[in-house]
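In the text below, chain A, chain B and the rest are named by the order of the sequence lines, each starting its count at 1.
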Amino acid sequence: MCGRYNVIDDPFMQGLMQMLEIDASLPTQLNIAPTESIPVVWRDHSGNRLSYMRWWLVPAWAKTVDTRYAMFNARSENLKKSRVFSKPFRKQRAIVPASSFIEWQQVDAGKQAMLIEREQAALALAAIYEVTVIDGQALQSCAIVTRAAVPEMEALHSRMPVLLQPSQFKLWLDADTEIELDFQAFTAGLSEPLRATPISSQVNDSRNKSADVIQAVAEPETLH
DNA sequence: CCAGACGTTGTT
DNA sequence: GTCTGG
DNA sequence: CCAGACGTTGTT
DNA sequence: GTCTGG
């Protein structure tokens, strides 16, 4: 999973942007949902670049934008064989900077939203992007790559976004490098603990962009 | 060879 | 139940 | 991802 | 763009 996340303009995010060699800060965006426009770091011959892309990948051949298929995530296990994902996986890999992401944990009472974050750093989510000509206009769109949850997170949810370490940034963004399905980040354990905080159900409504959406409703738990 | 169709995730 | 919008 | 809307015919 | 069918 990874169907909702946050960007917060704080020192952790600024530090991540610096590591990504992007000379810009990202404005705070809370409760970002699929189909919204999100900041994405990708690489071309001139170096790393920042673009805003539609968070819902549009296939290269599509003539229109639609949401019939769930393309805001891309399973890492399927990147190579999928007709939609194979070219982006080979040549169009990207990083989505995130302060935290949201998981809904199934509990007896229903679903509890959990905010997942690192304690002392922002997150680099692995992504792929595509460029599609729609009505004569080039549209950039992207999907966040997912993987099986690490054991520490399984109780919360069975899937999670692929988290990249700074040492992997260059390799992942380099279009000339071939990445295989056994890429470390698809299967690695946690390099640092994650913190999971139960938050208000106000986050459920993607139209709610107020600070209330990251309000804790119980004590955080450290996953390690 | 060309024509024409094709795309997905997470959850139950 | 299924599709659309954010 | 979740929330919220969604339907039809025959007739004027 | 890439695969399948003829």
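Residue side chain Arg207(A) does not reach the base of dG5(C) through any donor-acceptor N/O pair under 3.5 Å, judged by distance alone. Not a single donor-acceptor contact under 3.5 angstrom links the side-chain atoms of Thr35(A) to the base of dG5(C).
Ring planes of Trp172(A) and Phe183(A): parallel class, angle under 30° (limits at 30 and 60°). Under the 30°/60° scheme for interplanar angles, the aromatic rings of Phe72(A) and Trp55(A) are found to stand perpendicular.
Note on Val40(A): it does not cluster hydrophobically with Leu139(A), by side-chain heavy-atom contacts below 4.5 Å among ILVMFWY residues.
Atom-to-atom, CZ of Arg147(A) to P of dT9(B) comes out at 16 Å; the value is rounded to the nearest Å.
Phe85(A) comes within 4.0 angstrom of sugar-phosphate atoms only, judged by non-hydrogen atoms across all strands, and of no base. Nucleic acid contact class of Asn78(A) (heavy atoms, under 4.0 Å, all strands): sugar-phosphate only. Contacts of Arg75(A) with the nucleic acid, taken as non-hydrogen atoms under 4.0 Å apart, involve only primed sugar atoms and P, OP1 or OP2.
Looking only at atom types and distance, the side chain of Gln92(A) has a donor-acceptor partner in the side chain of Lys87(A) under 3.5 Å away.
For the OP1/OP2 pair of dT8(B) and a distance below 4.0 Å, the side-chain nitrogens and oxygens of Ser82(A) include at least one atom meeting the criterion. Side-chain nitrogen and oxygen atoms of Asn204(A) include none within less than 4.0 Å of the OP1 or OP2 phosphate oxygen of dC1(D). Side-chain nitrogen and oxygen atoms of Lys87(A) include none within less than 4.0 Å of the OP1 or OP2 phosphate oxygen of dT2(E). Applying the 4.0 Å criterion to OP1 and OP2 of dG10(B), one finds that Thr146(A) has a side-chain N or O inside that range. Neither OP1 nor OP2 of dT9(B) sits under 4.0 Å from any side-chain N or O of Arg159(A). Using a 4.0 Å cut-off, no side-chain N or O of Gln106(A) falls inside it from OP1 or OP2 of dG10(B).
Residue Lys209(A) places its NZ atom among more than 12 non-hydrogen atoms of other residues, nucleotides or ligands, all under 6.0 Å distant. Within 6.0 Å of CD in Glu180(A) there are more than 12 heavy atoms belonging to other residues, nucleotides or ligands.
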Task: Dot-bracket line, read 5' to 3' along DNA chain E, where crossing pairs take [ ] and | marks a partner on another strand, Watson-Crick or G-U under 3.5 Å - done: ||||||
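One distance of note links CG of Leu156(A) with CD1 of Ile116(A); it measures 5.0 Å at 0.5 Å rounding.
Here Trp61(A) counts as stacked on dC6(B): its ring centre is under 5.5 angstrom from the base ring centre and the planes meet at under 30°.
With dT9(B), dG7(B), dG6(C) as the choices, the nucleotide that has an atom nearest any side-chain atom of Glu36(A) turns out to be dG6(C).
Separating the P atom of dC1(D) from that of dT9(B) is a span of 12 Å, rounded to the nearest Å.
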